[in-house]
Peer 1: 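Just dropping this structure here.
All values reported here derive from a predicted model rather than from experimental measurement. Per chain, numbering begins at 1; letters A, B, ... match sequence-line order.
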Protein chains: 2
Amino acid sequence: MALRHAVLAALLDGEYSGYQLAKIFDLSVSNFWHAVPQQLYTELARLETEGLISGRQVIQHDRPNKRVYTVTQAGVDELERFAATPARPGIIRENLLVMVQAVDHLSAGPVIAQLEERAVASAAKIEVFERTLKHLRGDLDEETYLRSGSPIGPYLTCLRGLRFEQENHEWFTSTARLLRARAGAHAEEGEPP
Amino acid sequence: MALRHAVLAALLDGEYSGYQLAKIFDLSVSNFWHAVPQQLYTELARLETEGLISGRQVIQHDRPNKRVYTVTQAGVDELERFAATPARPGIIRENLLVMVQAVDHLSAGPVIAQLEERAVASAAKIEVFERTLKHLRGDLDEETYLRSGSPIGPYLTCLRGLRFEQENHEWFTSTARLLRARAGAHAEEGEPP
DNA sequence: TGGTACATGTAAGACGTTACATGATTTA
DNA sequence: TAAATCATGTAACGTCTTACATGTACCA
């Protein structure tokens, strides 16, 4: 029971439908919480029956109707309790790193290829984050926004996401280059795995 | 079905028991794969019945006997297949970032306290990583080891873990400081949340 | 002898993922 | 009219977490 808090935290930012939330989780929120759309639909239903969020139908003419949600006072109270509870250490699951861990015993080619693909993907994500930060702080420069801009929470988590993605990019790139170089050197000596 | 590959990758490094593996997963491997001890015991049993690892009993006199495992050829083949399959994007779950995301709507005190605790914890982890890297590369300097040292996989993933933890530390520290400063400023103006 | 580290296991329940299902509306 | 995007939901299945259970051996 921790997805609920991520959903509540995301909904503090404004009124969103399950579909919109799914896109938010796929971009910014995915940097600290992963969830697939189906999880969000079921969680939103549960949160509403528990009174932590309240939904309202929005009639749309240009596209299908939707149901948007806002956090209730009970929802904020729940987040407050959550924030006062010791956070479990974060968890990471990254298949690409599992592959690199094993790379001495495998053919390096596919691993290098995936590193290079992910380097491209993370470059794109970096741009998204940079645009998001710029959008969040509006006319203010970063220093000023950090001192007194609002809301600060989403800005800070986005900053963390940006740094993470920058490190990813750097690591993907340098690791791919390094493994390529080593594969080349081995080939010359005639000792591939 | 992906824990299995993390276990296989960890076992390539040497013969380990479930208990030893649990400690490895709690330290180095936790940087890219999270698993609790019970998961490892059940996964090891499954991997052995499937012939991807093979276990042997080790009689100990100073402490309880244990069962240690090594990766079979079938296990290496399975890893090879795994590495050739597109890796899913990595997933992260970090409650502390959920709290920061919501911090504008909550009392900042508990969140700041947790950021400061985690800053200490990540400093400790940084030291562990630095020692591990030093131990892995032995007499060689980093540049030389990266060029031709072996095994390179564990070194590279440990490097990624170190960078991640350094970024964590930096973010935890600066975010705590910033939230403290803002809380102080608000208090002076008399407008806490 | 009481605590800590070592060592492994079963089982229930919570949670997450995938497949399937449906349907409106816009754009190419 | 086919594909993409918007929009939501149920159900089956697989994975993870937690609680419970057990026992050895060392050290204070």
Side-chain angles (χ1 to χ4, degrees), chain A residues 1-8 11 15-27 29-30 32-50 53 55-69 82 85-93 95 98, chain B residues 1-7 11 15-27 29-30 33-50 53 55-69 85-95 98:
Chain A
M1 273 210 191
L3 167 62
R4 56 199 311 98
H5 300 115
V7 170
L8 288 170
L11 281 178
E15 261 191 344
Y16 297 114
S17 67
Y19 191 84
Q20 291 174 293
L21 217 43
K23 281 195 298 186
I24 293 168
F25 266 73
D26 198 42
L27 295 173
V29 175
S30 66
F32 56 92
W33 205 269
H34 162 86
V36 296
Q38 304 314 323
Q39 266 177 285
L40 299 176
Y41 285 118
T42 47
E43 193 62 43
L44 285 168
R46 237 181 305 182
L47 285 168
E48 192 176 16
T49 64
E50 291 176 34
I53 60 178
R56 80 186 167 82
Q57 189 75 7
V58 173
I59 309 296
Q60 298 183 121
H61 301 290
D62 51 341
R63 49 184 79 170
N65 298 336
K66 64 181 175 181
R67 190 168 182 78
V68 296
Y69 300 90
F82 167 68
T85 307
R88 306 184 179 189
I91 76 157
I92 297 190
R93 286 183 177 168
N95 281 334
V98 174
Chain B
M1 273 209 191
L3 168 60
R4 57 199 311 97
H5 300 115
V7 171
L11 281 178
E15 260 190 344
Y16 297 113
S17 67
Y19 191 84
Q20 291 175 293
L21 217 44
K23 281 194 298 186
I24 293 168
F25 267 74
D26 198 41
L27 294 174
V29 174
S30 66
W33 204 269
H34 163 87
V36 295
Q38 306 312 324
Q39 264 177 287
L40 300 175
Y41 285 118
T42 47
E43 193 62 43
L44 286 168
R46 237 182 305 183
L47 285 168
E48 193 177 17
T49 64
E50 291 176 35
I53 61 179
R56 80 186 166 82
Q57 190 76 6
V58 173
I59 309 297
Q60 298 183 119
H61 301 290
D62 51 341
R63 49 184 76 170
N65 298 335
K66 63 182 177 182
R67 190 170 181 76
V68 296
Y69 300 90
T85 307
R88 306 182 178 190
I91 75 156
I92 297 190
R93 287 179 177 172
E94 176 58 89
N95 280 334
V98 174

Peer 1: May I have the distance from Ile91(A) (atom CD1) to dC15(C) (atom P), rounded to whole angstrom?
Peer 2: 14 Å

Peer 1: If we ignore hydrogens and angles and just use 3.5 Å, is the side chain of Glu48(B) paired with the main-chain N or O of Gly55(B) as donor and acceptor?
Peer 2: yes

Peer 1: Just verifying a value: how many Å separate Asn95(A) CG and Arg88(B) CZ, rounded to the nearest 0.5 Å?
Peer 2: 7.0 Å

Peer 1: Return the set of residues passing side-chain hydrogen bond (donor to acceptor under 3.5 Å, both in side chains) with Tyr16(B) (not counting sequence neighbours), or none when no residue passes.
Peer 2: Asp13(B)

Peer 1: Distance check needed: dC16(D) P versus His34(A) NE2, whole Å only.
Peer 2: 12 Å

Peer 1: Within this structure, what is the CG-to-C1' distance between Asp26(A) and dT17(C), rounded to whole angstrom?
Peer 2: 15 Å

Peer 1: Taking atom CD of Glu43(A) and atom CG of Leu21(A), what is their separation to the nearest 0.5 Å?
Peer 2: 10.5 Å

Peer 1: Distance check needed: dG9(C) C1' versus Leu44(B) CG, whole Å only.
Peer 2: 12 Å

Peer 1: Check whether any side-chain heavy atom of Arg93(A) sits under 4.5 Å from a side-chain heavy atom of His34(A), and report yes or no.
Peer 2: no

Peer 1: Less than 4.0 angstrom between a side-chain N/O of Lys66(A) and OP1 or OP2 of dA24(C), yes or no?
Peer 2: no

Peer 1: Can you give one letter per nucleotide of nucleotides 18-28 of chain D, going 5' to 3': B for a protein heavy atom under 4.0 Å from the base, S for sugar-phosphate only, - for none?
Peer 2: BB---BBSS--

Peer 1: To the nearest Å, how far apart are Gln57(A) CD and dA7(D) C1'?
Peer 2: 10 Å

Peer 1: What integer distance in Å separates Arg93(A):CZ from dT15(D):P?
Peer 2: 11 Å

Peer 1: Would you tell me if any nitrogen or oxygen in the side chain of Ser17(A) comes within less than 4.0 Å of OP1 or OP2 on dT8(D)?
Peer 2: yes

Peer 1: Please identify each residue that fulfils side-chain hydrogen bond (donor to acceptor under 3.5 Å, both in side chains) with Glu15(B), with sequence neighbours left out.
Peer 2: Arg56(B)

Peer 1: Is Arg4(A) close to Leu47(A) at the side-chain level, that is, under 4.5 Å between some pair of heavy atoms?
Peer 2: yes

Peer 1: CZ of Arg46(B) versus P of dC16(D): gap in Å, rounded?
Peer 2: 8 Å

Peer 1: Respond yes when some side-chain nitrogen or oxygen of Tyr19(A) is under 4.0 Å from OP1 or OP2 of dC6(D), and no when none is.
Peer 2: yes

Peer 1: Please state how far atom CG in Leu40(B) lies from atom P in dC16(D), giving the value in whole angstrom units.
Peer 2: 10 Å

